[in-house]
Amino acid sequence: MTSMPKEPRPIVFFDVAMGDTPLGRIKFELFSDITPKTAENFRQLCTGELRKNAVPQGYKGATFHRVCDFMVQGGDFLKGDGTGSMSIYGEKFPDENFEMKHDGPGLLSMANSGPNTNGCQFFITCKETPFLDGKHTVFGRVIDGMLTLRKIENVQTGPNNRPKLTVKITECGEM
């Protein structure tokens, strides 16, 4: 039996659009009791608390730049193509742990370019992806908005699994 966390877990959201058409809202529960540093990084990038030259840094306006059969990836608000990286801790931060597994759809996990290279990019699983276990930190889950995730998952893609129409986070924050 899993014990309940002592503190309530943060709930954050994305409002997502394809082109100018709203797709819906995705709400995430962040595993702050299991991956506190990773969850806090994501939470602050949702709220825009981190500021650079007084400008909020974060996911508002960022796109989902990669969509494939097992996940949707986004969060590169620096370059928009999967090469940008920053976090509330600096450019990159270490893998926190691999306690949670990629054992179903709707799991929120850190995208990276190898061990200990976490930044702002994330992905949401569309199905079980055990081949990602031990390589990417799972730090949250979708608690509402799986239909919106499925809409993103089914967008038409071109080279490098990039959506042909822009899929953008139009608003985000903490509930």
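Given the structure is predicted, the values throughout are model-derived calculations rather than measurements. Excluded from the calculations below are hydrogen atoms, water molecules and symmetry mates; all remaining heavy atoms, backbone and side chain alike, are included.
Judged by distance alone, the side chain of Lys151 and the main-chain N or O of Leu23 form a donor-acceptor pair under 3.5 Å. Using a distance-only test at 3.5 Å, with no hydrogens or angles considered, no donor-acceptor pair links the side chain of Lys60 to the main chain of Gln57. When atom types are taken as modelled, the side chain of Asn118 and the backbone of Phe93 share a donor-acceptor pair closer than 3.5 angstrom. Under the 3.5 Å distance criterion, the side-chain polar atoms of Asn161 are left unmatched by any main-chain donor or acceptor of Cys68. Judged by distance alone, with hydrogens and angles left aside, the side-chain atoms of Arg66 form no donor-acceptor pair with the main-chain N or O of Met71 at under 3.5 Å. With Thr125 contributing its side chain and Leu107 its backbone, the two residues share a donor-acceptor pair below 3.5 Å. Distance alone, capped at 3.5 Å, is enough to place a donor-acceptor pair between the Asn97 side chain and the Ile34 backbone. Although no hydrogens or angles enter the test, the distance criterion places no donor-acceptor pair under 3.5 Å between the side chain of Asn41 and the main chain of Lys37. Not one N or O on the side chain of Glu49 forms a donor-acceptor pair closer than 3.5 Å with the backbone of Gln44. Judged by distance alone, with hydrogens and angles left aside, the side-chain atoms of Tyr59 form a donor-acceptor pair with the main-chain N or O of Cys120 at under 3.5 Å.
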>> Val167 vs Thr63, test: side chain to side chain contact (heavy atoms under 4.5 Å, CB included). Steps then yes/no.
In response: CA-CA 6 Å; Val167 180; Thr63 63; 6.0 Å; no
>> Determine whether Phe123 and Phe70 satisfy the following criterion, ring-ring contact (aromatic ring centres under 6.0 Å, His included), listing intermediate values before the conclusion.
In response: CA-CA 10 Å; Phe123 62 89; Phe70 63 89; 7.6 Å; no
>> Go through it in stages, so that I can follow the logic: the residues are Thr38 and Glu96, the test is side chain to side chain donor-acceptor pair (under 3.5 Å), and I'd like the CA-CA distance, side-chain angles, deciding distance and then a yes or no.
In response: CA-CA 7 Å; Thr38 309; Glu96 194 162 7; 2.7 Å; yes
>> Let's go through Phe28 and Phe139 carefully: what are the C-alpha distance in whole Å and the side-chain angles of both, what is the deciding distance for ring-ring contact (aromatic ring centres under 6.0 Å, His included) to 0.1 Å, and is it a yes or a no?
In response: CA-CA 10 Å; Phe28 304 97; Phe139 64 95; 8.4 Å; no
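Taking every heavy atom of both residues into account, Asp69 and Glu153 meet most closely at O-OE2, 4.0 Å. For the pair Pro105 and Cys126, the tightest heavy-atom approach, listed with the atom from each and the gap, is CB-O, 3.4 Å. Nearest approach of Thr157 to Val67, heavy atoms of both residues: CG2-O, 3.6 Å. The shortest heavy-atom contact between Ser87 and Gly119 is CB-O, 4.0 Å. Nearest heavy atom pair, residue Ser32 against residue Ala39, reads CA-CB, 3.9 Å. Annotation for Gly82 and Gln121: closest pair O-NE2, 3.0 Å, computed over non-hydrogen atoms.
With respect to the salt-bridge test (charged N to carboxylate O, under 4.0 angstrom), the residues Arg25 and Asp15 qualify. Look at Lys135 and Asp95 and you find no salt bridge, because none of the NZ, NE, NH1 or NH2 atoms lies under 4.0 Å from a carboxylate O. Ion pairing of Arg43 with Glu40 is present here, as a side-chain N (NZ or NE/NH1/NH2) and a carboxylate O approach within less than 4.0 Å. Looking at Glu29 and Arg9, a side-chain N of the basic residue comes within less than 4.0 Å of a carboxylate O on the acidic one, giving a salt bridge.
Note: Lys101 NZ to Leu132 CG = 11.5 Å, rounded to the nearest 0.5 Å. Distance CE/Met18 to NZ/Lys164: 13.0 Å, rounded to 0.5 Å. With values rounded to the nearest 0.5 angstrom, Leu149 atom CG is found 12.0 Å from Asp144 atom CG. Rounded to the nearest 0.5 Å, atoms CG (Leu108) and OG1 (Thr137) are 11.0 Å apart. Distance CD1/Ile26 to CZ/Phe13: 12.0 Å, rounded to 0.5 Å. If you take CD1 on Ile152 and CZ on Arg150, they are separated by 11.0 Å, rounding to the nearest 0.5 Å.
Under the 4.5 Å side-chain contact rule for hydrophobic residues, Val142 and Met175 do not share a cluster. Val72 and Phe122 fall within a single hydrophobic cluster, where Ile, Leu, Val, Met, Phe, Trp and Tyr side chains are chained together by heavy-atom contacts under 4.5 Å. The cluster map of Ile, Leu, Val, Met, Phe, Trp and Tyr, joined by side-chain heavy atoms under 4.5 Å apart, puts Met100 and Ile143 in different clusters. Linking ILVMFWY side-chain heavy atoms closer than 4.5 Å, directly or via other members, places Ile11 and Phe42 in two distinct hydrophobic clusters. Using a 4.5 Å cut-off between side-chain heavy atoms of Ile, Leu, Val, Met, Phe, Trp and Tyr, with links allowed through other members, Tyr89 and Phe31 fall into different hydrophobic clusters.
Of the options Glu91, Lys92, Met110, a side chain to side chain contact (heavy atoms under 4.5 Å, CB included) to Thr117 is made by Lys92 and by none of the others.
Side-chain atoms of Asp133 and His102 form a donor-acceptor pair, as typed in the model, at a separation below 3.5 Å.
Between Asn112 and His136, the closest side-chain pair of non-hydrogen atoms falls below 4.5 Å. The shortest side-chain heavy-atom distance between Met86 and Phe77 falls under the 4.5 Å cut-off.
Note on ring orientation: taking the six-membered ring where Trp is involved, the planes of Phe14 and Phe64 are perpendicular (angle over 60°, cut-offs 30° and 60°).
Applying the 6.0 Å contact sphere to CG of Asn154 captures more than 12 heavy atoms from other residues, nucleotides or ligands.
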